[in-house]
Amino acid sequence: MASTAGRPGRVAKLPPRERILDAAEELFQSEGIRRVSVQAIAEKAATTKMAIYRHFETKDALVAEWMRIVAADYQAAFDRVEAEHPGRPREQIVGLARFIAEGLPALSHRGCPFINSLAELPDRSHPARQVIEEHKAHQTRRLVGMCAEAGLPDPGQAAAEITFVLEGAQVSTQNGSIDRAGERLMSIVEGIVDRHGSPLDAPRPAVG
């Protein structure tokens with residue numbers, strides 16, 4: 001989603017559906033899913049509850065769509081590091097860690113939307129929780145693939161260790177328990193990759 005800087009003027013120019021999603025994102029992030037009513041979203045979006053229900057059948061459907069947008073942002077990070085480091089999977093992995101590390105300062109204020117949402121959605125049949133779980137599973141598969149491409153002898157184990165570090169860094173930043181979390185995150189992820197036996201990648205020769 002776009003930055004909330006200059007929000008009133010910017011939001012007024014958005015189509016109704018995007019205006020609703022923008023308002024929902026800001027409220028869900030700042031106040032939590034359960035505390036935010038459809039009426040509050042309507043007021044924030046300068047629209048009506050009836051208009052919201054024309055675009056989203058239920059509040060749960062709106063929450064799920066917000067989660068899809070957040071998930072797409074994270075999946076785009078995979079796409080970017082693959083495009084920036086073609087044929088260099090170790091640097092792709094480090095690039096992913098850097099993406100998370102650079103986003104940590106924002107988490108200290110609002111927290112991770114996935115972590116926050118999971119805490120509020122204990123029912124695994126909730127559509128938004130299903131979006132999160134599917135996104136996390138897909139993210140893990142992509143990371144395992146990168147570890148395999150990097151020549152790590154146990155890609156699943158390496159991906160698990162990296163995931164634990166990435167997720168843990170976000171929680172630790174959110175609760176303020178660890179200082180220099182981004183710096184420590186990068187050091188640990190690089191150490192995991194190196195410990196699993198992958199030197200800095202050399203470009204792979206073309207197969208012809």
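Residue numbers count from 1 along this sequence.
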Does [X] reach the side chain of [Y], with side-chain heavy atoms less than 4.5 Å apart?
X    : Y    : value
M67  : P113 : yes
R184 : D179 : yes
I52  : I41  : yes
M146 : R90  : no
C147 : I93  : yes
I20  : K44  : no

Applying side-chain hydrogen bond (donor to acceptor under 3.5 Å, both in side chains), name anything that partners [X], two or more places apart in sequence or on another chain.
X   : result
E84 : none
D60 : H126
Q39 : E43
R68 : E65

Could you note down all residue pairs passing ring pair (Phe, Tyr, Trp, His ring centres under 6.0 Å) where [range] supplies at least one of them, sequence neighbours left out?
range            : result
residues 149-178 : none
residues 169-189 : none
residues 27-49   : F28-W66

Shortest non-hydrogen contact between [X] and [Y], atoms and distance:
X    : Y    : answer
P155 : V144 : CB-O, 3.7 Å
L121 : A128 : CD1-CB, 3.8 Å
S177 : N175 : OG-OD1, 2.7 Å
S125 : D123 : OG-OD1, 2.7 Å
A158 : L152 : CB-CD1, 3.5 Å
L27  : A40  : CD1-O, 3.7 Å

Under the side chain to side chain donor-acceptor pair (under 3.5 Å) criterion, do Q157 and E161 qualify, and how do the steps go? CA-CA 6 Å; Q157 178 64 23; E161 292 179 21; 3.0 Å; yes
Here the side-chain hydrogen bond (donor to acceptor under 3.5 Å, both in side chains) pairs for residues 135-146, sequence neighbours left out, are Q75-H135, Q75-R142, D79-R142, E82-R142, H135-Q139, K136-E167
In this structure, would [X] and [Y] fall into the same cluster of hydrophobic residues linked by side-chain contacts under 4.5 Å?
X    : Y    : result
F56  : V70  : yes
I33  : Y53  : yes
V63  : V36  : yes
M186 : L104 : no

Checking side chain to side chain donor-acceptor pair (under 3.5 Å) between R88 and each of E91, H85, Q92, which is the one that passes? E91
Pair L21, L62 - check side chain to side chain contact (heavy atoms under 4.5 Å, CB included), show working. CA-CA 8 Å; L21 282 165; L62 174 55; 3.7 Å; yes
Joining Ile, Leu, Val, Met, Phe, Trp and Tyr whenever any side-chain heavy atoms lie under 4.5 Å apart, the cluster holding V171 also takes in I115
Partners meeting side chain to side chain contact (heavy atoms under 4.5 Å, CB included) with L118 (sequence neighbours left out): R129, I132
Can you list everything that forms a salt bridge (charged side-chain N to carboxylate O under 4.0 Å, His left out) with R34? Sequence neighbours excluded, please. none
With sequence neighbours left out, write down each residue that passes salt bridge (charged side-chain N to carboxylate O under 4.0 Å, His left out) with E183, or none if nothing qualifies.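 Result, salt bridge (charged side-chain N to carboxylate O under 4.0 Å, His left out) vs E183: R180.
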Starting from the C-alpha separation in whole Å, work towards a yes-or-no answer on side chain to side chain contact (heavy atoms under 4.5 Å, CB included) for L185 and R98. CA-CA 8 Å; L185 165 63; R98 186 172 296 110; over 6 Å; no
Please lay out, stage by stage, how F78 and F99 fare under the test ring-ring contact (aromatic ring centres under 6.0 Å, His included). CA-CA 9 Å; F78 277 83; F99 165 75; 8.8 Å; no
How many angstroms lie between CD in Q170 and OG1 in T173, if you round to the nearest 0.5 Å? 8.0 Å
Only one of V193, V165, L166 clears side chain to side chain contact (heavy atoms under 4.5 Å, CB included) with I188; which?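 So, applying the side chain to side chain contact (heavy atoms under 4.5 Å, CB included) to I188 and each of V193, V165, L166, only V165 qualifies.
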